[in-house]
Protein chains: 2
Amino acid sequence: MDGMTLEAPTQTRPGGRSARVRAAVHRAAQELLAGGPADALTIPLIAAGAGVHPTTVYRRWGTLGELLADVASSRFSGGLVVPDTGSLRGDLEQWAAGVATDLRDPKTLAIMRAAIGAAGVEGGSACVADRHEQLEAMLERARCAGETDVPDREQAADALLGPLYYRAIFGEQPGSPAWARGLVPRLLG
Amino acid sequence: MDGMTLEAPTQTRPGGRSARVRAAVHRAAQELLAGGPADALTIPLIAAGAGVHPTTVYRRWGTLGELLADVASSRFSGGLVVPDTGSLRGDLEQWAAGVATDLRDPKTLAIMRAAIGAAGVEGGSACVADRHEQLEAMLERARCAGETDVPDREQAADALLGPLYYRAIFGEQPGSPAWARGLVPRLLG
DNA sequence: CTTCTAACGCATCGATCGTTGCATCAAGGA
DNA sequence: TCCTTGATGCAACGATCGATGCGTTAGAAG
């Protein structure tokens with residue numbers, strides 16, 4: 001539901017030290033982002049929060065931007081199950097509501113903002129890459145099921161992810177799950 | 001067309017020293033953002049680029065986040081003329097194309113990303129506040145002109161600004177003006 | 001059990017950041 | 001013209017950042 005991958009670091013091996021360090025750093029970065037101002041986030045701070053030497057972070061990630069892009073990529077991969085209600089409309093409504101719910105978490109928003117600011121284009125696409133894949137999976141399944149007038153992924157992303165993420169980033173408050181469901185009729189007619 | 005307000009700093013008075021410093025700092029911040037990585041942007045760097053002492057910037061803006069929010073606010077205020085084609089549909093199409101054109105400028109994107117990253121919610125709303133006012137103006141004019149089925153501002157923002165800004169921030173490449181025009185029928189039917 | 005390699009911790013260094021107290025200067029008003 | 005006030009320049013200062021060389025350790029391979 002929330003996309004956290006902390007307790008299942010499938011990176012290399014769950015028990016490895018590298019994986020532990022990586023998970024600790026990711027967690028510390030997210031906690032610091034949720035707590036303080038984003039422009040006060042530095043690598044030594046994250047390292048201290050993770051109980052790791054700053055040198056380790058510098059060597060593994062290099063810059064804060066790369067680290068945040070990595071955090072965003074992990075945070076926004078998996079965690080949201082692609083629904084299967086039997087109809088494309090139902091799938092999209094449930095999925096949009098799930099995305100909206102995820103976008104209500106202040107920690108999620110903080111990571112997104114930081115990744116966008118520090119990692120540029122890479123940070124932005126890291127936040128939505130998995131969402132696009134999920135969307136494509138639902139549309140493809142609908143096509144295979146013989147549904148008619150299935151939009152392509154770009155149209156669907158414009159109509160659903162566009163308003164969702166626009167409100168999350170630029171709006172005062174993100175949209176509600178109910179409102180997100182209402183976006184689907186605008187796409188499917 | 002591009003929203004720059006550099007040559008007309010209507011802040012207090014065009015000739016004042018404060019206004020000159022403010023304009024120089026704004027210009028330096030935008031130039032550095034367009035040139036280098038965003039996480040390397042610091043107040044002393046901006047001050048040096050503006051030919052101003054860092055102390056001045058610290059005292060006037062305090063943090064990098066507040067400065068970037070101010071830059072974004074200036075950059076995205078005015079500069080885009082609200083069209084008056086006679087019909088709401090034509091107004092919205094021309095306006096959306098103008099927004100799309102503005103969003104194709106890498107400097108514009110750099111400012112937006114930096115403001116979002118460093119200034120949080122304030123930075124985000126600073127980027128779109130003026131767009132919402134322009135939208136409201138067009139919709140209100142259409143209502144007064146007796147047009148029927150005029151959507152409210154939230155619906156219009158979701159359908160137009162949503163996809164436009166979503167592609168600009170999260171997409172690999174921003175949308176074209178022609179594509180932006182195509183968003184209007186999805187709103188008006 | 002031994003060995004090997006990659007990752008981590010540690011100490012140190014220079015550079016830069018952000019702050020503060022004080023002097024100076026530009027603009028507007030009497 | 002002179003004066004008042006707010007903004008800016010200047011020069012310190014401590015704190016922190018980011019990089020580097022080297023020793024040590026964890027984990028996997030044999």
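To find a chain, count down the sequence lines: A is the first, B the second, and so on, and within it residues start at 1.
With sequence neighbours left out, the side chain to side chain donor-acceptor pair (under 3.5 Å) criterion links Asp39(B) to no other residue. Residues forming a salt bridge (Lys or Arg N to Asp or Glu O under 4.0 Å) with Arg59(A) (at least two apart in sequence, or on another chain): none. The salt bridge (Lys or Arg N to Asp or Glu O under 4.0 Å) test applied to Asp158(B) returns Arg167(A), not counting sequence neighbours.
Inspection of the Arg104(B) and Ser176(B) side chains reveals no N or O donor paired with an N or O acceptor under 3.5 Å. A donor-acceptor pair shorter than 3.5 Å cannot be found between the side chains of Asp130(A) and Ser77(A).
In this structure, the helix from dC1(C)-dG30(D) to dA30(C)-dT1(D) shows an angle of 30° between the axis at its start and the axis at its end, each fitted on 5 base pairs and rounded to 10°.
Within the 4.5 Å cutoff, the side chain of Tyr166(A) has no heavy atoms near those of the Leu164(B) side chain. Side-chain contact between His132(B) and Glu136(B) is absent, with no heavy-atom pair separated by less than 4.5 Å. Residues Ile46(B) and Leu64(B) are in side-chain contact: their nearest non-hydrogen atoms beyond the backbone lie under 4.5 Å apart.
One finds no salt bridge joining Arg143(B) and Asp152(B) here, because no Lys/Arg side-chain nitrogen approaches an Asp/Glu carboxylate oxygen to under 4.0 Å.
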Kindly give the atom pairs (protein nitrogen or oxygen, nucleotide nitrogen or oxygen) under 3.5 Å for nucleotides 4-6 of chain C.
none

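For Arg20(B) and dA27(C), the shortest distance from a side-chain N or O to OP1 or OP2 is below 4.0 Å. Residue Thr56(A) places none of its side-chain N or O atoms closer than 4.0 Å to OP1 or OP2 of dA7(C).
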Between protein and nucleotides 15-23 of chain C, map the contacts as a letter string: B base, S sugar-phosphate only, - none, heavy atoms under 4.0 Å, written 5' to 3'.
--SBBBB--

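Here the CZ-CG distance, from Arg131(B) to Leu160(B), works out to 12.5 Å after rounding to the nearest 0.5 Å.
In the set dG9(C), dA7(C), dT8(D), dG9(C) carries the atom at the smallest distance from any side-chain atom of Val52(A).
Following rounding to the nearest Å, Leu67(A) (CG) and dG18(D) (P) show an atom-to-atom distance of 12 Å.
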